2 protein chains.
Amino acid sequence: MKISQNIKVAVDAVVFGYQQKELSVLLIKRGVNPFKGSWALPGGLVLENESLEDAVERELREETGVTIDYLEQLYTFGTPGRDPRNRVVAVTYFGLVSPNHFKISANTDADEVQWFPIHKLPELAFDHATILDTGLKRLQNKINYQPIGFELLNNEFPFSDLENLYQTILNQKIDRRNFRKKILSFGILTETNKIHQPSSGRPAKLFKFNAQKYKELEESGFHFEIKFA
Amino acid sequence: MKISQNIKVAVDAVVFGYQQKELSVLLIKRGVNPFKGSWALPGGLVLENESLEDAVERELREETGVTIDYLEQLYTFGTPGRDPRNRVVAVTYFGLVSPNHFKISANTDADEVQWFPIHKLPELAFDHATILDTGLKRLQNKINYQPIGFELLNNEFPFSDLENLYQTILNQKIDRRNFRKKILSFGILTETNKIHQPSSGRPAKLFKFNAQKYKELEESGFHFEIKFA
DNA sequence: ACAAAAGTGTTGAGAATACACCCATGA
DNA sequence: TCATGGGTGTATTCTCAACACTTTTGT
């Protein structure tokens with residue numbers, strides 16, 4: 001049974017960053033048709049001998065100059081007609097970028113790539129709005145049971161950053177005392193002896209996520225899990 | 001930028017069934033090279049104008065004659081070299097089949113399709129062992145926070161079936177009293193007035209999963225979740 | 001009467017929640 | 001001294017875990 005199939009395979013990435021208490025997504029402005037001039041998720045066709053992960057990383061590098069800190073597969077979108085030219089199956093990825101990699105477009109036209117706060121998104125090309133939404137839901141879910149939030153913070157951070165991050169992503173208030181108690185009880189944060197000087201107010205101790213410790217705990221049956229009132 | 005890309009897109013399905021206290025997977029015996037004669041997951045190339053879901057359903061129908069009761073996307077495997085012929089990207093699906101759809105191969109050679117208990121698997125073609133494992137993990141995870149277990153049982157079932165199902169899938173003993181209490185407290189089971197006569201022992205009431213009720217509860221913020229000692 | 005599976009409650013321990021004031025710093 | 005954000009403890013409620021005997025039926 002020989003089937004002549006002419007479907008293209010692409011990768012697209014929903015990449016989140018967090019700065020100044022805002023969650024943002026990395027978008028590029030399309031330079032070619034279709035949807036020329038529209039904003040879209042970074043991505044493109046997979047090369048013949050390239051793994052899917054390599055393809056995403058390459059596209060991100062080429063189109064945005066961003067260094068990605070966390071990457072996992074999100075979902076595959078393949079409905080016929082989602083690309084007006086050919087049939088394109090898009091394997092999408094979910095990425096996180098830490099603030100020190102937040103600077104973008106070292107090697108591309110600065111007009112063509114930009115962080116958009118999640119509440120100020122432009123119209124998106126193709127079905128990218130759906131993809132983005134899928135990515136956001138993944139983030140909102142996963143942050144409750146995997147320590148991925150740390151990827152969106154500096155290596156060393158004051159506790160309030162973590163609080164704010166969760167509040168921003170989940171879009172709800174959380175109890176500061178209970179949250180701190182819970183997170184600290186996990187024993188996956190190391191207290192550094194540095195302190196952070198906020199623009200005003202009392203200085204704060206800086207903490208560090210201890211990935212090594214987390215792995216150990218995980219292997220001995222520990223589950224990171226946060227619930228909110 | 002024109003890229004000539006010659007990657008094929010396939011779908012494969014990890015389909016689970018549950019009968020006689022055993023969890024089984026649906027496999028087919030390959031009739032063509034490569035891996036002719038090997039067991040493999042049902043699947044095949046996507047047709048030009050067919051959605052991915054349609055493709056899985058078609059392949060399952062054609063190759064196994066099975067009617068699927070639950071289907072969701074699992075993961076996409078695309079490492080170059082996973083198929084020795086062309087580059088093939090496989091979008092894999094995770095399926096569940098209820099006991100009344102357990103009969104297979106109405107329209108295919110009976111030798112070519114078979115349920116294999118999860119602990120008596122043959123060698124599998126391609127990277128299908130990895131895919132199967134991914135599917136099994138999905139099942140083991142998801143059964144804890146989504147009411148998908150019911151898809152593996154008859155429409156009406158005695159409580160012990162549910163207990164055994166969880167024990168089988170999670171491969172651990174669970175406390176009957178606590179389990180029943182927890183599940184019933186959700187209010188997503190309807191007690192029928194039928195009873196089930198076991199081969200020996202006291203007859204049991206039959207229950208039914210109330211999908212309507214579950215949807216309502218879910219919309220009002222309820223989360224199905226089971227934890228075990 | 002016995003074997004087999006169904007059905008059923010209570011108690012203690014630990015976790016989640018709700019809640020408000022003092023502290024350290026810079027302006 | 002004031003404004004700003006950091007840091008901390010307790011009492012109550014709820015949920016989870018541990019645990020064993022009685023009931024109904026067929027043989």
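Keep in mind the model is a prediction, meaning the values are calculated, not measured. Each chain gets a letter, A, B and so on, in the order the sequences are listed, and its residues count up from 1.
- Rounding to whole angstrom units, CZ of residue Arg202(A) and P of dG5(D) are separated by 14 Å.
- Nearest to the side-chain atoms of Ser200(A) among the listed nucleotides dG7(D), dT4(D), dA24(C) stands dT4(D).
- Within the 4.0 angstrom heavy-atom criterion, only backbone atoms of the sugar-phosphate kind lie near Ser160(B); the bases stay farther away.
- Here the side chain of Arg176(A) is nearest to one of dA20(C), dA17(D), dT8(C), namely dA20(C).
- In this structure, Lys181(B) reaches the bases: a heavy-atom distance under 4.0 Å links it to at least one base atom across the strands shown.
- The nearest whole Å value for the distance from the CZ atom in Arg177(B) to the P atom in dT23(D) is 15 Å.
- The aromatic rings of Phe179(B) and Phe228(B) sit parallel, their planes meeting at an angle under 30°, below the 60° perpendicular limit.
- In this entry the distance linking CD1 of Ile174(A) with P of dA16(C) reads 14 Å, nearest Å.
- Spacing between atom CG of Asn178(A) and atom C1' of dG7(D) amounts to 14 Å, rounded to whole angstrom units.
- Side-chain proximity of Ala204(B) to dG7(C), dA20(C), dA18(C): nearest is dG7(C).
- For the pair Glu225(B) CD and dC14(D) P, the interatomic distance rounds to 19 Å; values are reported in whole Å.
- A straight line from NZ of Lys227(B) to C1' of dA15(C) spans 10 Å, rounded to a whole angstrom.
- Heavy-atom distances to DNA chain D give each of Gly201(B) and Phe228(B) a nearest nucleotide, and the one nearer the 5′ end belongs to Phe228(B).
- Residues Lys181(B) and Asn178(B) form a side-chain contact, since some pair of their non-hydrogen atoms from C-beta on lies under 4.5 Å apart.
- The phosphate of dT8(C) has OP1 or OP2 within less than 4.0 Å of a side-chain N or O from Lys205(B).
- Contact record, Phe186(A) with Leu217(A): O-CD1, 3.3 Å, taken as the closest heavy-atom pair.
- Aromatic rings of Phe77(A) and Tyr75(A) (six-membered ring for Trp) have centroids within the 6.0 Å cut-off, being under it.
- Classified by interplanar angle (parallel below 30°, tilted 30° to 60°, perpendicular above 60°), the ring pair Phe209(A)/Tyr214(A) is tilted.
- Put simply, CD1 on Ile195(B) is 9 Å from C1' on dT25(D), counting in whole angstrom units.
- Here the C1' atom of nucleotide dA6(C) and the CZ atom of Phe179(B) are 15 Å apart, to the nearest Å.
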